[in-house]
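What follows is a short report on a single structure.
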Amino acid sequence: MPHDTPLISTIVGGIVLAFIFGAFAHRLRMPPLVGYLIAGVLVGPHTPGYVADQNLAPELAEIGVILLMFGVGLHFSLKDLLSVRGIAVPGAIVQIAFATLLGWGLGAFMGWSTGGSLVFGLALSVASTVVLLKALQERRLVETERGRIAVGWLIVEDLAMVLALVLIPAAASIGGEGHAPVEPLSAALSSLVDLDLGIGGMIAMTLVKVALFVALMLVFGRKLIPWTMHRIAHTGSRELFRLGVLAIALGVAFGAAKLFGVSLALGAFFAGMVLAESELSHRAAQESLPLRDAFAVLFFVSVGMLFDPNILIDKPLPILATIFIIVIGKSVAAFLIVLAFKKPLGTALTISASLGQIGEFSFILAALGVELGLLPEEGRDLILAGAIISIILNPLLFFLCDRVRPLLDGAKREDVVADPAPAEDAIAAQEEMPPEDDEAHPTALSGHAILVGYGRVGSIVGQNLKSSATPFLVIEDSDKRIGELKAQGIETLSGNAVMRETLDLANLSGARSIAIAIPNAFEACRIAEQARSVNPSILIVARAHSDAEVDELKQYGADTVIMGEREIALGMVDRLAQVHHESVPYEDGHGPDTIMPTDDPPPERE
């Protein structure tokens with residue numbers, strides 16, 4: 001067996017070092033992705049020691065991008081995408097134009113050619129898919145209005161970059177600044193009809209191919225992909241189902257890139273969005289999650305491998321100017337654009353923070369510019385340095401936005417109070433102000449129950465609390481569920497219960513009990529730990545899927561942990577006992593085949 005295995009050594013080295021430095025960064029209360037980037041720098045060619053394969057690492061990272069966008073598509077319907085087109089399309093176009101103009105100005109100041117400056121500006125204008133989605137997922141914002149706008153914005157940027165990747169080689173060839181083959185379909189048509197279609201023909205062919213791909217996915221994919229997954233699910237093989245999910249995600253992405261010229265990320269997004277219309281979408285998301293996270297880590301490692309730390313010493317001022325364009329220029333532009341569309345302040349701050357970084361498309365553009373002779377290698381190094389530093393600064397940008405928002409809200413309220421207009425006018429002005437989409441206020445409840453999560457388990461718990469007139473509130477992060485809860489008159493807090501601020505708004509210290517109904521045991525443990533530290537006498541009830549999760553939750557402070565599989569088995573045993581041993585049946589009121597709890601609590605079971 002050969003010992004020269006660059007694929008294995010790259011994966012092992014990247015993941016092991018990412019784990020070590022990610023855990024170290026988490027220990028220092030920093031985002032783990034900072035540790036992933038440092039791990040990439042250490043296995044890169046610019047530092048001594050082991051050097052990972054620089055060709056394999058970006059390709060492995062691209063798999064992470066595909067799976068990540070596929071997962072986003074699973075939670076993003078076509079209706080959601082169309083609902084934000086009014087702000088995502090013009091907003092992304094204006095922001096790309098503004099950032100490109102700033103980058104072109106910096107390139108011209110440094111003496112680069114016009115083509116190289118434009119490539120540099122375009123590379124600074126597009127945000128990283130992985131970083132943006134990671135930030136939204138950590139804050140449970142993907143399914144909110146802000147998350148939908150950010151993802152829609154990202155899709156428009158991807159489409160713009162796909163078009164740019166087609167036009168840049170042609171522009172370089174026509175302008176005499178470089179040489180590259182033109183778009184293949186337009187070249188074939190030109191030779192067939194003996195007519196030079198030029199840049200206009202290339203743009204038209206690109207738009208036709210993208211439109212053809214979208215049409216095929218919406219017309220045939222919406223039927224074929226869910227039908228295929230249902231057939232696989234009926235086999236009863238979890239292994240085949242997981243393999244089918246990966247085959248669809250990777251196959252559609254690769255086919256879209258090769259046949260239609262769309263990006264891999266965009267193809268995977270549409271595959272996930274089509275599958276989202278099936279009831280198997282939740283299961284598909286769960287099956288692809290482990291690989292999604294693993295390969296997303298390799299993306300950050302591959303970015304770190306490209307970074308040369310010496311540029312921080314050699315080019316400090318150009319780097320500062322590049323960082324200013326990415327973090328300040330883009331963010332301010334996005335903030336003003338969102339406000340111009342009369343969106344809430346919280347939405348504007350979230351979008352501006354999400355877009356204050358660059359990533360994978362920037363590297364592709366930089367590599368293409370250098371290959372065509374448009375962009376000097378100095379420009380590529382500046383783009384890489386800007387990407388690394390902006391990714392590290394992005395969590396800080398979110399933190400600052402969270403701190404600035406209350407100050408801006410206070411200033412807006414002071415303006416309303418200082419207005420000498422009559423009281424009726426002031427009230428009318430307040431009514432006309434757009435409400436914040438996630439404004440949270442502390443609860444007035446005391447001696448109440450806190451319900452974390454309102455899914456299949458939480459909804460049953462909540463309805464029983466409501467029917468028994470028990471005062472309670474729900475902590476939920478899904479906009480759809482929050483709307484349903486408020487329509488029922490149930491007090492709801494929007495946010496992630498892992499965050500201490502959310503639990504403080506729920507008056508954790510004054511609550512009598514907390515029911516943690518979310519399936520994620522890791523987050524449930526953190527919630528239980530915080531609840532026990534704030535309120536030592538509170539009753540903590542949680543759910544689990546294994547004996548190990550039961551032990552872990554109890555270790556972190558849970559009083560009672562219900563394991564679903566065990567309760568299902570006990571329910572089946574009780575039902576069988578009714579037939580074989582003539583035991584007293586449950587009074588469920590739901591027919592002979594459904595077991596529901598009675599008014600009297602069942603005896604405790606070990």
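The chain is numbered in sequence order, starting from 1.
A160 and I96 make their closest contact through CB-CD1, 3.8 Å (heavy atoms, listed as atom of the first residue, atom of the second, distance). Considering every non-hydrogen atom in both I351 and A334, the closest pair reads CG2-CB, 4.4 Å. Residues A18 and V297 share a closest heavy-atom pair of CB-CG1, 3.5 Å. Taking every heavy atom of both residues into account, A99 and L124 meet most closely at CB-O, 4.4 Å. Nearest heavy-atom pair across N394 and S354 is ND2-O, 4.4 Å. Taking each heavy atom of G329 and L102 in turn, the nearest pair found is CA-CD1, 4.2 Å.
Applying the side-chain hydrogen bond (donor to acceptor under 3.5 Å, both in side chains) test to every pair with at least one member in residues 94-109, sequence neighbours left out, gives these pairs: Q95-W153. Listed by first and then second residue, the side-chain hydrogen bond (donor to acceptor under 3.5 Å, both in side chains) pairs involving residues 63-74 amount to none (not counting sequence neighbours).
Remark: side-chain polar atoms of K330 are paired, donor with acceptor, to backbone N or O of L355 under 3.5 angstrom. Side-chain N or O atoms of S331 include none that pairs as donor or acceptor with a backbone N or O of I328 at under 3.5 Å. Between the side chain of Q357 and the backbone N or O of V327 there is no donor-acceptor pair closer than 3.5 Å. Listed for the S352 side chain is no donor-acceptor partner under 3.5 Å among the backbone atoms of F335.
Going from atom CZ of R85 over to atom CD1 of I149 covers 13.5 Å, rounded to the nearest 0.5 Å. The CD1 atom of I319 sits 7.5 Å away from atom CD1 of I323, with the distance rounded to the nearest 0.5 Å. Atom OG of S117 and atom CG of L101 lie 11.0 Å apart (nearest 0.5 Å). Rounded to the nearest 0.5 Å, atoms CG (L339) and OG1 (T347) are 9.5 Å apart. For the atom pair K342 NZ and I87 CD1, the distance stands at 12.0 Å (nearest 0.5 Å). Distance OG/S128 to CG/L154: 8.5 Å, rounded to 0.5 Å.
Looking at residues two or more places apart in sequence or on another chain, you find a salt bridge (Lys or Arg N to Asp or Glu O under 4.0 Å) between D504 and R500. In this structure T350 satisfies the side chain to side chain donor-acceptor pair (under 3.5 Å) test together with R146, sequence neighbours excluded.
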### Task
Show the numbers, then the answer: is there a side chain to side chain contact (heavy atoms under 4.5 Å, CB included) between L37 and V41?
CA-CA 6 Å; L37 292 169; V41 174; 5.7 Å; no

### Task
Begin with the C-alpha distance, continue with both residues' side-chain angles, and end with the deciding distance and a verdict on side chain to side chain contact (heavy atoms under 4.5 Å, CB included) for L17 and F21.
CA-CA 6 Å; L17 287 176; F21 286 95; 4.0 Å; yes

### Task
Determine, stepwise, if the pair N310 / H46 fulfils side chain to side chain contact (heavy atoms under 4.5 Å, CB included).
CA-CA 8 Å; N310 294 322; H46 306 290; 5.7 Å; no

### Task
Before giving the answer on side chain to side chain contact (heavy atoms under 4.5 Å, CB included), spell out for F269 and F70 the whole-Å C-alpha distance, their side-chain angles and the decisive distance to 0.1 Å.
CA-CA 5 Å; F269 172 80; F70 178 73; over 6 Å; no

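With contacts defined as side-chain heavy-atom distances shorter than 4.5 Å, the pair L118/L122 does not qualify.
Taking the six-membered ring for Trp and thresholds of 30 and 60 degrees, F213 and F270 have ring planes more than 60 degrees apart, a perpendicular arrangement.
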Show which side-chain atoms of residues 361-370 pair as donor or acceptor with protein atoms under 3.5 Å away, not counting sequence neighbours.
unit_1	atom_1	unit_2	atom_2	d
S362	OG	A123	O	2.5

Enumerate donor-acceptor pairs with a distance under 3.5 Å from any side-chain N or O in residues 378-393 to protein atoms, sequence neighbours excluded.
unit_1	atom_1	unit_2	atom_2	d
E378	OE2	K315	NZ	3.4
S390	OG	G386	O	2.7
S390	OG	A387	O	3.1

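Applying the 6.0 Å contact sphere to CZ of F341 captures more than 12 heavy atoms from other residues, nucleotides or ligands.
When each of I63, L291, I66 is paired with L246, the side chain to side chain contact (heavy atoms under 4.5 Å, CB included) condition holds for L291 and for no other.
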